[in-house]
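To start, the structure itself, in structure tokens.
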Protein chains: 2
Amino acid sequence: MKLGQATIKDIAKELNVSSSTVSRALKDYPGISKETKRRVKELAEKLNYRPNAVALSLRKSKSFTIGVIIPEIVHFFFSTVISGIEEIAYANGYNVILCQTNEKHQRELSSVEAMLDNQIDGLLVSYSKETEDFSHFSKLLDQNFPIVFFDRVPDIKNTVNVTVNDFKGAYDATTHLIEQGYKKIVHLAGPKTLTISVKRQEGYLAALHDHGIISKPEWIIPCQNGTQEESFNFTTELFKDQANRPDGVFASHDISAAGAMMAIKDLGLNVPGDVGIVGFSDWQFSSMVDPPLSTVSQPGFQMGEKATSLLLEMIDKKKEENWLPKTLVLATELVIRKSSSKKIHS
Amino acid sequence: MKLGQATIKDIAKELNVSSSTVSRALKDYPGISKETKRRVKELAEKLNYRPNAVALSLRKSKSFTIGVIIPEIVHFFFSTVISGIEEIAYANGYNVILCQTNEKHQRELSSVEAMLDNQIDGLLVSYSKETEDFSHFSKLLDQNFPIVFFDRVPDIKNTVNVTVNDFKGAYDATTHLIEQGYKKIVHLAGPKTLTISVKRQEGYLAALHDHGIISKPEWIIPCQNGTQEESFNFTTELFKDQANRPDGVFASHDISAAGAMMAIKDLGLNVPGDVGIVGFSDWQFSSMVDPPLSTVSQPGFQMGEKATSLLLEMIDKKKEENWLPKTLVLATELVIRKSSSKKIHS
DNA sequence: TTGTATGCGTTATCAT
DNA sequence: ATGATAACGCATACAA
């Protein structure tokens, strides 16, 4: 959309100087008389001149725009991350262009293409559940294109990542359940395609093992969608059999945990009396459910900030350099609420 | 970031034709021999040619990018709207560039500037709570720059807006409380700077009036921040006095409602037995609190879709035309859950 | 059927 | 201290 926006040419014409003079005057280049500078700046001010960022992008092959690929915007954790990304990008004069994949691989591919067409300077990625082939990213990395992966980190060599200590978070949560006296603890697991899911499951298993509990395969319930309904159904199925009823749930995130909690309450069981529950992520609602949900909180905003800082660093460096691959691991924190507090509340 | 991206020139050079020929061949312009077309397209494919969107923007004075200004990303309703926006924009080949104002007027101003510098084709706006002067928008509108306001609609003439029937939503919610037998209904009101807050309050008052209830000024509690803590405190203060204790709460959104619910439960009162509560927005958590929260649901995704469709329409039309101002009002829906169901549950 | 020239807004490189 | 020119990548009016 063309506004009445004044350009350098307009200023030049009006002052009877060349556009290069105007350009230099505006940027306080040496070798421009004070008088000219004053006149140019005054007129620029008056015409409300603002440089055309698109022309600059073309000229400099740099757009001051970064792309963000996320699975879903309507997701407390991811929206928190975006907020952190936005903050740092904005503070450094970068624009953020956003695409959600809705967990579709195809959509991920086309979004990346579209962003590249727009000459983004770098990419922040949390890939989709469907994605198992990462060649669209590794191709870019081979050309030294700056990418930082956050939360969901792909299995590619030499990447720069920001993630949380999912293993430890899960280990701590499970240990906490055990220490509260729960013994038959099931795990509502996330999709196997995500490293975070795998790590959380490993943490869960390690905790059981370290406390001498022999894990049973049927205790691990794969939840592909991660919806409340899904875990509600699985949990109902699993807990309705009085004989082998479990007494603890560690869910790979709070939505699953909430579904499990509703199922367990519907079966007439008491939380935390009969069953202890811990989730993952500390969603907004988690402190408001009844009983309030224990969970592993993730520093989403900080993750966004860190990932963006790293990306901007990479962009600033010369293209020729190789980034040193690294993974920044942020700490999670176990938030103990009533849903897992057997010793106090029952 | 410059990748090894091939340009039209590269193709032209390799095939010993002019770049205009390549340009035309790629776009199936008439008057290019089949043979040339074939050769060009083949090589383009081979070199993985993709047009440079920045160059196109400059050339066409059109960026295929729309800007979105919202108060906060970490907000269930707004993230839902963004999701709707993204969907329509993406489907029409538009990029979305995003800025959150964090409810700061200053930030709103600079975000708009930055977006204009980037030659966005149009703007979707939900303005900040601090904003009382809309000249930054009206200036653009005067130049016929396409803007669609959603949810929070400013007091400017001749704008295009998408909103929900806040008055009716509030009226229905309050009427429902009255019909359930609640008589002393307070209102946790939003900031006066927002039309939506005003409308909701008006709907509340109208419902009381139409049912012969004389509203008391002290029943209207202004909540500036809209946090849970804020409404928790106000509610505690208001309900601890047994003598004049109200028996109903209509909150301008679910977070306030949740704070009120916690306060009321903490005072030992029963919901919905002693006090009925209805919120606004139907956040994800609202069905999970105890008791599940009645609320007025807003079609956020649809709002994003509609607003974007309208904006793209405006962009497509000639700049010279004046858009006909209009306000699209989407329907809310009263979702009745336990928190307000006195007749059934107590 | 194809090529040449020009311009979108800016800046870098040479002049003068 | 300032101006002229070219270039970023593309599309198009005009020539041939």
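Hydrogens, waters and symmetry mates are skipped; everything else that's a heavy atom, side chains included, is used. In the text below, chain A, chain B and the rest are named by the order of the sequence lines, each starting its count at 1.
Residue A:K62 contributes atom NZ, which lies 15 Å from atom P of C:dA12 at whole-angstrom precision. Going from atom CZ of A:R59 over to atom P of C:dT10 covers 12 Å, rounded to whole Å. Nucleotide D:dC10 holds its P atom 9 Å from the CG atom of A:L58, rounded to whole Å. Going from atom CD1 of A:I11 over to atom P of C:dT10 covers 8 Å, rounded to whole Å. Rounded to a whole Å, the CG atom of A:L56 is 14 Å from the C1' atom of D:dA7. Going from atom CD of B:Q119 over to atom P of C:dG9 covers 8 Å, rounded to whole Å. Spacing between atom CG of B:D10 and atom P of D:dC8 amounts to 10 Å, rounded to whole angstrom units.
Note: B:F64 and B:Y94 have tilted aromatic rings, judged against thresholds of 30 and 60 degrees for the angle between ring planes. In this structure, A:F78 and A:F150 have perpendicular ring planes: the angle between them is above 60°, well past the 30° mark.
No engagement by A:V54 is indicated, since no non-hydrogen atom pair under 4.0 Å with the nucleic acid exists. Looking at heavy-atom distances under 4.0 Å, A:N16 makes contact with sugar-phosphate atoms alone, never a base.
For NZ of A:K306, the number of neighbouring non-hydrogen atoms (other residues, nucleotides, ligands) closer than 6.0 Å is 12 at most.
If one axis is set at each end of the helix from C:dT1-D:dA16 to C:dT16-D:dA1 from five pairs, those axes are 60° apart, to 10°.
Of the side-chain N and O atoms in A:K9, none sit less than 4.0 angstrom from OP1 or OP2 of C:dG7. A close approach under 4.0 Å does occur between a side-chain nitrogen or oxygen of A:T21 and OP1 or OP2 of D:dG3.
Not less than 6.0 angstrom separates the ring centroid of B:F149 from the ring centroid of B:Y127.
With sequence neighbours left out, A:E86 forms a side chain to side chain donor-acceptor pair (under 3.5 Å) with no residue at all. A search for side chain to side chain donor-acceptor pair (under 3.5 Å) contacts involving B:E305 returns nothing, not counting sequence neighbours. Scored by the side chain to side chain donor-acceptor pair (under 3.5 Å) test, B:D28 finds B:K41 as partners (sequence neighbours excluded).
The list of salt bridge (charged side-chain N to carboxylate O under 4.0 Å, His left out) pairs with a residue in residues 130-139 of chain A, not counting sequence neighbours, reads A:K104-A:E130.
Residues from residues 22-40 of chain A that place a heavy atom under 4.0 Å from any atom of DNA chain D, listed by number: A:R24, A:G31, A:I32, A:S33, A:T36.
With the nearest nucleotide of DNA chain C identified for both B:S20 and B:K60, B:S20 has the one nearer the 5' end.
A salt bridge links A:R38 with A:E35: the distance from a Lys NZ or Arg NE/NH1/NH2 to an Asp or Glu carboxylate oxygen falls below 4.0 Å.
Closest to the side chain of B:T7, from the set C:dG3, C:dT10, D:dC10, is D:dC10.
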